[in-house]
Amino acid sequence: MCMTWKTSIYREVMYSAWLLMFTLLYVLSPLNSKVGFAQESQTELTFLSGGLLQDTENDIYQRILDELSDDFHMKQEVSLGSYQALEMVWGRPNSVAIVQRNIFDMFRQDVPLSADTLEIYGSRPICLFAVLRKNMVNSLTSNKDNEISVKAFSLGPRDGDTAISLQRVIPTAPIISSARADYRGGTRAISALRDGNVDVHFFMDFPTLEQKSMRRIIDDDSLDLAPNILTFLKGANGTSLLGFLPTEVELRADGFWEPKRSIRTICTSVGLVVNNTLPYQKLDKIVRPISEGYLEEGVIISVGKVRRYIDDLSDWMTDIWSRLVQAWEVFWGGPIKTPESSKV
């Protein structure tokens with residue numbers, strides 16, 4: 001009876017030990033663990049974004065990020081601009097970035113070895129623009145020789161795409177070569193321009209009036225876009241403009257009531273840069289969103305457009321109501337009485 005009791009305990013202990021061992025093996029096994037399976041099936045991929053992401057650029061970034069998330073474990077990092085992003089993609093194959101083509105060409109000149117490993121896919125136009133105080137624009141357009149005096153200009157952050165794009169152009173362009181460079185960007189640059197601390201602010205942007213940066217300028221009574229950027233670059237060395245193409249762009253918004261604007265400037269493009277040392281199966285998955293047109297203008301639908309339509313409609317209705325109130329006061333003498341205001 002005693003042996004039977006001991007045998008029963010021994011069997012229970014052994015059974016529990018075997019059960020625990022199999023449970024641990026099952027949990028830790030990469031074949032049966034969901035975590036292990038995800039690690040095997042999805043490679044980590046870092047998507048580098050620029051320091052300033054807004055409007056169309058942010059839409060492009062987000063759409064490609066969403067597409068790549070189906071095949072990769074996505075990690076997001078911020079780079080100061082295209083040049084730093086190229087350094088990171090070259091040194092870390094499991095990284096991709098949206099960069100400017102002219103800076104891509106510049107980087108390959110500076111780092112010849114990168115030409116064998118870095119490739120760029122897609123092409124979405126992006127151009128150089130300049131914003132001036134309105135009185136300077138009027139003076140420039142009325143001047144036959146299109147001459148202008150510049151004492152100071154702003155370029156945005158030193159490592160940003162505008163400053164990097166123009167760093168080799170400025171010394172060879174007489175009109176701006178001796179002027180003081182300011183490296184404030186965004187609203188600070190616009191404030192400095194409005195206050196007279198700088199004469200012109202240069203910035204790279206997509207050629208559309210739907211951009212918030214463009215809308216701020218167009219809606220500002222004291223500022224305007226320069227109609228001819230080439231005026232500031234007159235005499236610049238052609239080799240310093242590597243990757244740029246002089247052209248005339250037509251800026252338009254979706255609203256039929258808004259006038260189009262023609263601007264002479266220099267343009268390049270943005271594309272997705274990859275490191276081709278990755279296995280071709282992974283490269284195919286990375287490049288697929290670009291081949292499907294995710295950089296094309298017609299594909300990018302900015303939520304900002306919808307917001308602007310709502311804002312325009314609201315402003316229009318407010319203006320109509322204000323005019324009705326004024327007409328009532330003129331013809332009937334006294335303010336309009338609403339149900340609330342008529343209560344005692």
Side-chain angles (χ1 to χ4, degrees), residues 50-57 80-83 100 102-103 125-141 143 146-234 236 240-241 244 246-249 251 261-268 270:
L52 297 175
L53 275 181
Q54 56 182 333
D55 296 353
T56 304
E57 186 178 355
L80 296 176
S82 292
Y83 201 94
Q100 283 186 197
N102 67 303
I103 298 178
I126 190 168
C127 304
L128 178 66
F129 295 97
V131 56
L132 310 170
R133 289 183 294 279
K134 194 153 284 186
N135 61 337
M136 289 187 70
V137 175
N138 295 336
S139 173
L140 186 61
T141 52
N143 189 334
N146 283 333
E147 291 182 358
I148 190 168
S149 175
V150 177
K151 295 180 180 178
F153 58 87
S154 57
L155 296 167
R158 289 179 184 272
D159 295 313
D161 286 351
T162 305
I164 295 292
S165 294
L166 295 180
Q167 68 179 6
R168 301 178 190 186
V169 180
I170 291 169
T172 70
I175 291 178
I176 55 177
S177 60
S178 58
R180 175 178 58 84
D182 188 282
Y183 293 98
R184 281 174 284 194
T187 55
R188 293 190 305 145
I190 296 298
S191 296
L193 176 64
R194 194 183 289 112
D195 295 342
N197 294 323
V198 297
D199 298 315
V200 56
H201 171 56
F202 295 105
F203 63 100
M204 297 295 301
D205 213 333
F206 294 101
T208 169
L209 292 177
E210 297 299 340
Q211 293 291 97
K212 284 182 181 176
S213 52
M214 294 289 192
R215 298 306 311 178
R216 281 198 299 267
I217 296 164
I218 300 300
D219 295 338
D220 194 311
D221 294 334
S222 63
L223 304 175
D224 205 353
L225 293 171
N228 189 354
I229 311 302
L230 302 182
T231 301
F232 302 97
L233 308 180
K234 189 185 297 182
S240 67
L241 294 169
F244 277 110
T247 187
E248 185 168 345
V249 297
L251 302 183
R261 288 169 172 251
S262 293
I263 293 181
R264 295 184 65 194
T265 183
I266 54 175
C267 295
T268 182
V270 296

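Computed from heavy atoms alone, side chains included, the values below leave out hydrogens, waters and symmetry copies.
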Contacts of Phe203 that satisfy ring-ring contact (aromatic ring centres under 6.0 Å, His included) - sequence neighbours left out:
Phe129, His201
Under the rule for salt bridge (Lys or Arg N to Asp or Glu O under 4.0 Å), what residues qualify as partners of Arg264, not counting sequence neighbours?
none
How about [X] and [Y]: do any of their side-chain heavy atoms sit closer than 4.5 Å?
X	Y	answer
Leu193	Leu223	yes
Leu225	Ile263	yes
Thr208	Met214	no
Cys267	Val249	yes

Using 0.5 Å steps for rounding, measure from the [atom1] atom of [X] to the [atom2] atom of [Y].
X	Y	atom1	atom2	result
Phe232	Phe153	CZ	CZ	11.0 Å
Ile164	Leu155	CD1	CG	10.0 Å
Leu128	Leu166	CG	CG	5.5 Å

I'd like to know if the side chain of Asp195 and the backbone of Asn197 have a donor-acceptor N/O pair within less than 3.5 Å.
no
Any donor-acceptor pair under 3.5 Å linking the side chain of Thr162 with the backbone of Gly156?
no
For [X], enumerate each residue passing the side chain to side chain donor-acceptor pair (under 3.5 Å) test, keeping only those at least two apart in sequence or located in another chain.
X	value
Ser165	Gln100, Asn102
Arg168	Asp110
Asp159	none

Between Ala226 and Leu132, which heavy-atom pair has the shortest distance, and what is it?
CB-CD1, 3.9 Å
State plainly whether the residues Lys134 and Asp220 are in salt-bridge range, i.e. N to O under 4.0 Å.
no
Is any NZ, NE, NH1 or NH2 atom of the basic residue among Arg133 and Asp199 found under 4.0 Å from an Asp or Glu carboxylate oxygen of the other?
yes
Working for side-chain contact (heavy atoms from CB on, under 4.5 Å), residues Val200 and Val131:
CA-CA 6 Å; Val200 56; Val131 56; over 6 Å; no
Applying side chain to side chain donor-acceptor pair (under 3.5 Å), which residue pairs with at least one partner in residues 175-188 are found, sequence neighbours left out?
Asp182-Arg184
